[in-house]
Amino acid sequence: MNIISTRTFTQKYHVKTVVWLTLFVLLVIGTAKMTGVEFIMFFANFGQFTALLQQMAKPDWQYTSLVVQPILETIQMALIGTTVGTLVAIPFSVLAARNIVKNKFLRGIIRFILNLVRTLPDLMLAALFVAIVGIGPVAGVFTLAIFSFGMISKLFYEAIETIDEGPLEALQAAGANKIQMVVFAVIPQVFNYFVSYFLYTFEINVRASTVLGYLGAGGIGVYLQRSLDQFAYGQTAIIILGILVVVLIIDSVSNTLRERLL
């Protein structure tokens, strides 16, 4: 039997694919018009972009020694913020997991708090903490801690909800309380995932620390903003190269650790 001859007109000419693709293109065009986005303007001003790249193609290598300390400060901010956020997220993630907490009202309140935290933009948090504690890395640490808490808590409780229920039922039948069930049945099953999510969030926070510096939250972002304001694109190139090296190293180490854990 010839399978090709039995295909319908819709299947033969991929009508559904063409329709969905057309709708997607029309949606993009309509959205661009509504928001005032002009793609032609980008290509019309492309010469300015190439001129900027030409200036950055001549890095100011003498500036290298001055960016080492701010980059280290950025890494320290990300590490402290991620660690604090993770420690706070662990108990909240346990309370938000439906297979641990059966009380829907309590679980709903915890999840509402976590959703509320995740809706707060990190730049708004940075501006808020700069106003409270002043310009410096402390504001960045608080910002990254709250951001990490919101992100990790969701990843953690979703991981907890996928565990094998057998150990939980066995400990419950033996008379164990909730804390014992979490310590001996939950954590051993999700520990590797917890470490993986911690490393993933740490990677994100290193990149986010650069942007937070624009608001005075410490780190290399302060120097990046300063070099751009002074049109010192040779210094900007050094800062970007330094950030790139750090991100590549952290990404490589994190991927290696995650592969060994999982």
(request) Return yes when atom OH of Tyr200 has more than 12 non-hydrogen atoms of other residues, nucleotides or ligands closer than 6.0 Å, and no otherwise. (result) no
(request) Can you measure from CG (Leu72) to CG (Leu79) and round to the nearest 0.5 angstrom? (result) 12.0 Å
(request) To the nearest 0.5 angstrom, please state how far the OG1 atom of Thr82 sits from the CD1 atom of Ile204. (result) 9.5 Å
(message) Ring centroids only, cut at 6.0 angstrom: are Tyr157 and Phe92 within range, meaning strictly under it?
(response) no
(request) List the atom of Ser153, the atom of Arg118, and the distance in Å for their closest heavy-atom pair. (result) OG-NH1, 4.5 Å
(message) With a 4.5 Å cut-off on side-chain heavy atoms, are Leu168 and Ile163 touching?
(response) yes
(request) Verify the neighbour count for atom CD of Glu165: are there more than 12 heavy atoms of other residues, nucleotides or ligands below 6.0 Å? (result) yes
(message) Could you report the tightest heavy-atom contact between Ile240 and Met56, atom names first, then the distance?
(response) CD1-CE, 3.2 Å
(request) May I ask you to test the Phe194-Ile160 pair for a side-chain heavy-atom distance under 4.5 Å? (result) yes
(request) Can you measure from CZ (Phe129) to CE (Met124) and round to the nearest 0.5 angstrom? (result) 9.5 Å
(request) Can you sort out the partners of Ser148 under side chain to side chain donor-acceptor pair (under 3.5 Å), two or more places apart, ordered by chain and number? (result) Asn205
(request) Sequence neighbours left out, what passes ring-ring contact (aromatic ring centres under 6.0 Å, His included) with Tyr197? Give chain and number order. (result) none
(message) Could you report the tightest heavy-atom contact between Ser252 and Thr256, atom names first, then the distance?
(response) O-OG1, 2.9 Å
(message) Ignoring hydrogens, what is the shortest heavy-atom contact between Ile238 and Val67? Give both atom names and the distance.
(response) CG2-CG2, 4.1 Å
(message) How long is the straight-line distance from CD1 of Ile243 back to CD1 of Ile75, given to the nearest 0.5 Å?
(response) 10.5 Å
(message) Ignoring hydrogens, what is the shortest heavy-atom contact between Gly140 and Leu212? Give both atom names and the distance.
(response) O-CD1, 4.4 Å
(request) Check step by step if side-chain contact (heavy atoms from CB on, under 4.5 Å) holds for Leu114 and Lys154. (result) CA-CA 7 Å; Leu114 299 182; Lys154 178 177 176 58; 5.9 Å; no
(request) Without swapping roles, check the side chain of Asn115 against the backbone of Arg111 for a donor-acceptor pair under 3.5 Å. (result) yes
(message) Working to the nearest 0.5 angstrom, can you tell me the gap between Ile71 CD1 and Ile239 CD1?
(response) 8.0 Å
(message) Check for me, please, whether Leu66 and Trp61 land in the same ILVMFWY cluster - side-chain distances under 4.5 Å, paths through other members count.
(response) yes
(request) Group every Ile, Leu, Val, Met, Phe, Trp and Tyr by side-chain heavy-atom contacts under 4.5 Å, then state whether Leu144 and Leu87 land in the same group. (result) no
(message) Running the 4.5 Å side-chain criterion over Ile, Leu, Val, Met, Phe, Trp and Tyr, what cluster does Leu244 land in, apart from itself?
(response) Leu248
(request) For the residue pair Val117 and Phe149, establish whether any side-chain heavy-atom pair is separated by less than 4.5 Å. (result) yes
(message) Any heavy-atom pair between the side chains of Arg107 and Leu95 that's under 4.5 Å?
(response) no
(request) Quick one: which residue pairs count as a salt bridge (Lys or Arg N to Asp or Glu O under 4.0 Å) with a foot in residues 77-105, not counting sequence neighbours? (result) Arg98-Glu161
(request) Among Ile, Leu, Val, Met, Phe, Trp and Tyr joined by side-chain contacts under 4.5 Å, find the other residues sharing a cluster with Phe112 and list them by chain and number. (result) none
(message) Applying a strict under-4.5 Å side-chain criterion to I, L, V, M, F, W and Y, I'd like to know whether Ile135 and Phe142 cluster together.
(response) no
(message) If hydrophobic clusters are built by linking Ile, Leu, Val, Met, Phe, Trp and Tyr wherever their side-chain heavy atoms come under 4.5 Å apart, do Ile179 and Ile90 end up in the same one?
(response) yes
(request) Treating Ile, Leu, Val, Met, Phe, Trp and Tyr as nodes and any side-chain heavy-atom pair under 4.5 angstrom as an edge, say whether Trp20 and Ile29 lie in one connected cluster. (result) no
(request) Evaluate the side-chain proximity of Tyr233 to Leu53: yes if any heavy-atom separation is below 4.5 Å, no if none is. (result) no
(message) Applying side chain to side chain donor-acceptor pair (under 3.5 Å) to Ser209 and Thr74, what does each step give before you reach the verdict?
(response) CA-CA 6 Å; Ser209 300; Thr74 297; 5.7 Å; no
(message) Looking at every non-hydrogen atom in both residues, tell me the closest pair between Gln189 and Asp164 and how far apart they are.
(response) OE1-N, 2.9 Å
(message) Within the 4.5 Å heavy-atom criterion, are Val186 and Val94 side-chain neighbours or not?
(response) no
(message) Checking one residue: Leu27. Which other hydrophobic residues are in its cluster under the side-chain 4.5 Å linking rule?
(response) none
(message) Just verifying a value: how many Å separate Phe147 CZ and Leu120 CG, rounded to the nearest 0.5 Å?
(response) 11.5 Å
